[in-house]
Amino acid sequence: MARTVLHSDLNNFYASVELLSHPELRGKPVAVAGDVEARHGIVLAKNYEAKAHGVQTAEPLWQARQKCPEITFLPPHFELYEKYSRMVREIYYEYTDMVEPFGLDECWLDVTGSIGIFGDGRTIADTIRERIKRELGLTVSVGVSFNKVFSKLGSDMKKPDATTVIGEEDFRRVIWHLPASDMLFIGRKTYEKLYRCGYRTIGDVAKADPCVLKCLFGKNGIEMHDFANGRDSSPVLLYRQIPPPKSISNSTTPPRDLVSETDISIVLCQLCDNVSTRMRREGVVCKTVQVYVRYADLCSVTRQIKQNYPNRTARSLYKAAQMLIKKHGLDARPIRSIGVCAADLQSSETEQLSFCPEVMEIQREETLESAVDSVRERYGAPSIRRGITLTDSVLGCDIATSTPAYFGTQAYGEDYFE
């Protein structure tokens with residue numbers, strides 16, 4: 001029995017969510033953008049009106065303003081985007097439990113077992129589109145096909161608010177004339193190499209000698225050939241089947257260069273807090289801590305260190321990150337950007353109780369930080385802050401939410417982690 005796979009892609013997700021709070025801007029060019037004063041001055045997302053003027057994601061705001069003088073820039077609200085993403089997925093779950101997220105705004109749905117209840121793939125796709133529009137005020141484009149690669153391609157073919165069906169019997173006619181770059185997993189560099197070798201369209205890749213593609217791209221060449229010919233048996237994973245992340249990281253470009261040990265400590269503190277929280281959500285601990293530094297002259301350095309005991313506490317991450325900074329002299333020059341990465345992840349479910357003093361201290365710290373997570377989840381990220389983040393009104397802001405620190409909040413623990 002042929003599968004029926006949907007790929008649902010929310011249209012201009014960030015910008016569309018912001019416009020729900022700013023209905024007066026509908027029909028006008030709008031972009032969600034970073035803060036120029038905080039040196040985050042790039043376009044994060046834009047609506048179709050801004051796109052029509054040539055505004056592109058990741059370009060500087062001054063450049064977007066040159067292209068479209070009447071554009072309105074709105075600040076991002078990532079917690080709101082996560083909220084709407086969850087509400088959209090709740091709608092998906094009413095039609096199948098096989099829902100695989102692909103970022104905040106995209107999901108695959110395998111509705112093969114739901115056709116007898118809700119109708120064929122197009123009917124289910126149209127029903128979902130109408131419900132999301134009516135209940136949440138957002139629009140979505142849905143691709144319907146017999147595999148994940150083609151359903152993803154279908155959701156990209158017609159935007160906004162459209163359903164595109166790519167059938168097993170007519171996919172050659174529908175997609176083989178499209179540029180090879182339209183297909184999933186063919187990025188800019190790969191497409192440039194394909195183009196130089198004379199493979200311009202999906203059909204060119206499908207008709208190519210697989211041995212030649214293997215020589216050019218290794219096993220990825222064989223995979224491209226299979227995908228172009230509709231041979232994709234990869235399943236839509238249940239949420240609990242999605243492989244855990246290989247690493248969890250957080251980086252930032254602070255409002256000013258970091259020029260002192262205290263500056264670095266303030267920012268590292270917040271980065272480690274955020275990485276630690278995300279690791280608890282994923283149910284993992286890490287063996288390796290990495291630090292990324294980009295200097296004011298745009299030169300970059302990455303260093304890493306193994307932990308004595310795999311864990312995920314912010315205190316341990318912070319100590320490891322500071323050790324790397326000091327050991328390798330990464331604080332010798334003004335720092336423009338800095339990041340912390342937890343690597344070599346493993347499930348926390350395999351952890352055992354221990355009488356080792358160091359491990360017992362980690363476990364006590366884990367209990368404390370889990371309690372802090374609960375408070376923050378209920379009352380917001382700024383409700384409990386590390387004391388050191390309250391010592392600088394410019395650097396002392398929450399990296400995840402860009403919420404300014406203020407002295408009316410509560411701080412827990414000591415001013416420093418040590």
Side-chain angles (χ1 to χ4, degrees), residues 78-79 82 244-252 264-291 304-325 338-392 395-403 405-418:
F78 293 106
E79 290 183 349
E82 291 179 355
K246 296 181 179 179
S247 64
I248 294 177
S249 61
N250 198 186
S251 62
T252 186
I264 295 172
S265 295
I266 291 172
V267 178
L268 276 183
C269 167
Q270 298 170 87
L271 292 172
C272 293
D273 243 354
N274 291 332
V275 171
S276 176
T277 300
R278 288 166 58 191
M279 290 173 70
R280 275 187 289 278
R281 289 175 184 168
E282 294 288 344
V284 294
V285 294
C286 74
K287 297 180 181 178
T288 302
V289 178
Q290 299 174 345
V291 169
Q304 67 179 34
I305 189 173
K306 292 280 187 181
Q307 299 198 97
N308 293 331
Y309 303 98
N311 75 93
R312 59 191 173 198
T313 66
R315 181 189 295 270
S316 296
L317 296 178
Y318 177 82
K319 286 184 176 180
Q322 275 219 323
M323 185 183 301
L324 288 169
I325 293 285
I338 189 168
V340 174
C341 175
D344 292 338
L345 302 183
Q346 63 184 41
S347 173
S348 60
E349 295 179 359
T350 59
E351 290 183 289
Q352 294 183 342
L353 294 176
S354 172
F355 292 107
C356 174
E358 292 87 348
V359 176
M360 292 177 68
E361 177 61 29
I362 290 173
Q363 291 169 348
R364 283 194 291 269
E365 190 71 20
E366 172 74 15
T367 301
L368 170 63
E369 293 185 4
S370 296
V372 171
D373 287 346
S374 300
V375 175
R376 285 175 171 169
E377 186 173 345
R378 182 170 183 179
Y379 297 106
S383 57
I384 298 183
R385 306 297 294 268
R386 297 279 182 179
I388 193 172
T389 66
L390 306 178
T391 64
D392 190 304
L395 298 178
C397 62
D398 185 78
I399 299 299
T401 61
S402 297
T403 303
Y406 50 97
F407 285 86
T409 54
Q410 277 190 305
Y412 76 97
E414 301 159 312
D415 281 354
Y416 291 81
F417 279 93
E418 290 85 5

Between Ser316 and Arg312, is there a donor-acceptor pair closer than 3.5 Å when you use the side chain of the first and the backbone of the second? no
So how far is it from Glu369 CD to Thr277 OG1, rounded to the nearest 0.5 Å? 7.5 Å
Can you name the side-chain contact (heavy atoms from CB on, under 4.5 Å) partners of Ser249, sequence neighbours left out? Cys341
Just verifying a value: how many Å separate Arg386 CZ and Ser265 OG, rounded to the nearest 0.5 Å? 12.5 Å
Looking at residues at least two apart in the chain, or sitting in another chain, which of them share a salt bridge (Lys or Arg N to Asp or Glu O under 4.0 Å) with Lys306? Asp344
Any residue meeting salt bridge (Lys or Arg N to Asp or Glu O under 4.0 Å) with Glu361, in chain and number order, not counting sequence neighbours: Arg364
Would you give the length of the straight line joining atom CZ of Arg376 to atom CG of Asp273, rounded to the nearest 0.5 angstrom? 4.5 Å
If we ignore hydrogens and angles and just use 3.5 Å, is the side chain of Thr367 paired with the main-chain N or O of Gln363 as donor and acceptor? yes
If you compare all heavy atoms of Ala321 against all heavy atoms of Val289, which two are closest, and at what distance to 0.1 Å? N-CG1, 4.4 Å
Looking at every non-hydrogen atom in both residues, tell me the closest pair between Ser347 and Val285 and how far apart they are. O-CG2, 4.5 Å
Least distance between heavy atoms, Gly339 atom then Leu271 atom: CA-CD1, 4.0 Å
Set of residues satisfying side-chain hydrogen bond (donor to acceptor under 3.5 Å, both in side chains) with respect to Asn308, sequence neighbours excluded: none
Arg280/Glu365 ion pair, N-O < 4.0 Å: no
Interatomic spacing from NZ in Lys319 to OG1 in Thr313 - rounded to 0.5 Å: 8.5 Å
Distance in Å, Leu317 CG paired with Asn311 CG, rounded so as to fall on 0.5 Å steps: 6.5 Å
Which residues share a side-chain hydrogen bond (donor to acceptor under 3.5 Å, both in side chains) with Glu82, sequence neighbours left out: none
What's the separation between atom CD in Glu366 and atom OG in Ser276, rounded to the nearest 0.5 Å? 6.5 Å
Please examine the side chains of Leu345 and Glu282, heavy atoms only from C-beta on, and report whether any two atoms are closer than 4.5 Å. no
Test your reading of the model: is there a side-chain donor-acceptor pair from Gln307 to the backbone of Cys286, 3.5 Å cut-off? yes
Taking the side chain as everything from C-beta on, heavy atoms only, tell me whether Leu268 gets closer than 4.5 Å to Ile325. yes
